[in-house]
Amino acid sequence: MPELPEVETIKRELEREIKGRTIIKVKNLDAKVSKDSPISLEKVKGRIREIKRRAKLLLIFVDSLVLVIHLKLTGQLLYQKKLQKDKSTRIVFYLNRGFLVFNDPRRFGFIKVFTEKQLKDYLQKVDYGIEPLSKKFTLDAFKKIIDNRETKIKQLLMDQSKIAGIGNVYSVESLFESRILPTRTAKSLNEKEITTLYKALRKILIKAIKYKGASVDTYLDLYGKKGKMVPFLKVYGREGKPCFRCKGKIKRIMLGGRGTYFCPSCQK
DNA sequence: CATACTGCCTGTATGC
DNA sequence: TGCATACAGGCAGTAT
Ligand SMILES: [Zn+2]
């Protein structure tokens, strides 16, 4: 599943590869992808001016419009010199040189087309929290988010309106690194644990970007390559396997309807 | 207000 | 081998 590091990887690759190029036409192979878009996909034409990321959203500024893309669970955004469609190909952007292809086997992802004003309103509506790699995300800011909340710490980390871009993988990984159980309430964390978690979160996100993300599902970068972060994951997807830190057995439980991995012996 | 639950989807894995 | 069923999960919408 693409989370912040995976989306950031694609954002950086898009910046290098397609910024400044031109969208000639759009082929829409699955109406569901853009069903909630106020402007039709076919209207997107012209120079690709800028690429941004907000939370797990990719923002591609084309002429006077903005493409807003969410990969959700299985979305892929690929750059191809020669068009290579497969059965999961939903949208194809024809560029002056090459193709930008949106694949999504499970069809959870979406693309919306906005004017800049509509984008502003949309971002206001979805109300994302702080970007964890921005300067605004200070230890004090994190303490304010933790506050006195009864919510389980893992669910708080994944709440996009509090901190933007953290999903299932990086929430459990940062909690393992900090030796904190995902089932703890936010308010139960002491000062030292909050500081440790704050540092772990940033450290892991930065490391994951360095390795171009973790391909735990169908994630691929812009060039169709898998991320190299999976070998560095300590708990995600390792149910029943020995903990790298204490040799305990990694456990998996359901928390808020999602698979949650942790080491019951060295996380407290 | 905050938090909890549900449905959307389809490829892959499992069971008979 | 083939068919049926379970499972995975981000997030918008709805319920508590
Ligand atoms: Zn352990």
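In this text the structure is predicted, and so the values were computed from the model without any measurement. Hydrogens, waters and symmetry mates are skipped; everything else that's a heavy atom, side chains included, is used.
- Within the structure, a side-chain polar atom (N or O) of A:Q160 is placed less than 4.0 Å from OP1 or OP2 of C:dC11.
- Look at CZ on A:R107: it is 8 Å from C1' on B:dC9, rounded to the nearest Å.
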query: How would DNA chain B look in dot-bracket form, 5' to 3', counting Watson-Crick and G-U wobble pairs with both distances under 3.5 Å and writing | for bases paired to another strand?
result: .|||||||||||||||
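- Both A:F110 and A:L73 lie close to DNA chain C; mapped to their nearest nucleotides by heavy-atom distance, the more 5′-ward contact belongs to A:L73.
- At a cut-off of 3.5 angstrom, the base of C:dA8 holds no donor-acceptor pair with the side chain of A:R258.
- For A:F108, whose side chain is taken as the heavy atoms from C-beta onward, the closest listed nucleotide among C:dA8, B:dC8, B:dT3 is B:dC8.
- Listed nucleotides: C:dC11, C:dA8, C:dA12. Nearest to the side chain of A:K56: C:dC11.
- Under a 3.5 Å cut-off, the side chain of A:Q267 and the backbone N or O of A:C263 do form a donor-acceptor pair.
- When the P atom of B:dA4 is taken as reference, atom CE of A:M254 falls 15 Å away, rounded to whole Å.
- The separation between A:K35 atom NZ and C:dA12 atom C1' is 10 Å, rounded to whole Å.
- As a whole-Å value, the separation of A:K72 NZ from B:dG11 C1' is 18 Å.
- Between A:N168 atom CG and C:dA8 atom P the separation is 10 Å, expressed in whole Å.
- Put simply, the side chain of A:K136 never gets that close to the backbone of A:L133: no donor and acceptor are under 3.5 Å apart.
- Closest to the side chain of A:T151, out of B:dT10, B:dT3, C:dA12, is B:dT3.
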query: Are A:R54 and A:E131 close enough, and set up right, to give a salt bridge (charged side-chain N to carboxylate O under 4.0 Å, His left out), and what steps lead you there?
result: CA-CA 8 Å; A:R54 178 72 171 114; A:E131 283 290 331; 3.0 Å; yes
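- A donor atom on one side chain and an acceptor atom on the other are not found under 3.5 Å apart for A:D104 and A:S88.
- Here A:D121 pairs with A:K117 under the salt bridge (charged side-chain N to carboxylate O under 4.0 Å, His left out) rule; sequence neighbours left out.
- Nearest-nucleotide assignment on DNA chain B puts the 5′-proximal partner with A:D159, out of A:D159 and A:G257.
- The distance from atom NZ of A:K112 to atom C1' of C:dC11 is 11 Å, rounded to the nearest whole Å.
- Rounding to whole angstrom units, NZ of residue A:K187 and C1' of B:dA2 are separated by 14 Å.
- Remark: P of B:dC1 and NZ of A:K162 are 13 Å apart, rounded to the nearest angstrom.
- Annotation: cation-pi geometry not satisfied between A:K228 and A:Y211 (NZ/CZ under 6.0 angstrom from ring centroid, within 45° of ring axis).
- Comparing B:dT10, B:dG11, C:dC11 against the side chain of A:K87 picks out B:dG11 as the nearest.
- Here A:Y236 lies in heavy-atom contact (under 4.0 Å) with sugar-phosphate atoms only.
- A donor atom on one side chain and an acceptor atom on the other are found under 3.5 Å apart for A:K154 and A:N168.
- Both A:R149 and A:G256 lie close to DNA chain B; mapped to their nearest nucleotides by heavy-atom distance, the more 5′-ward contact belongs to A:R149.
- The six-membered or imidazole ring of A:F142 lies near that of A:F137, with a centre-to-centre distance under 6.0 Å.
- A:H70 has no side-chain polar atom (N or O) that falls below the 4.0 Å cut-off from OP1 or OP2 of C:dG10.
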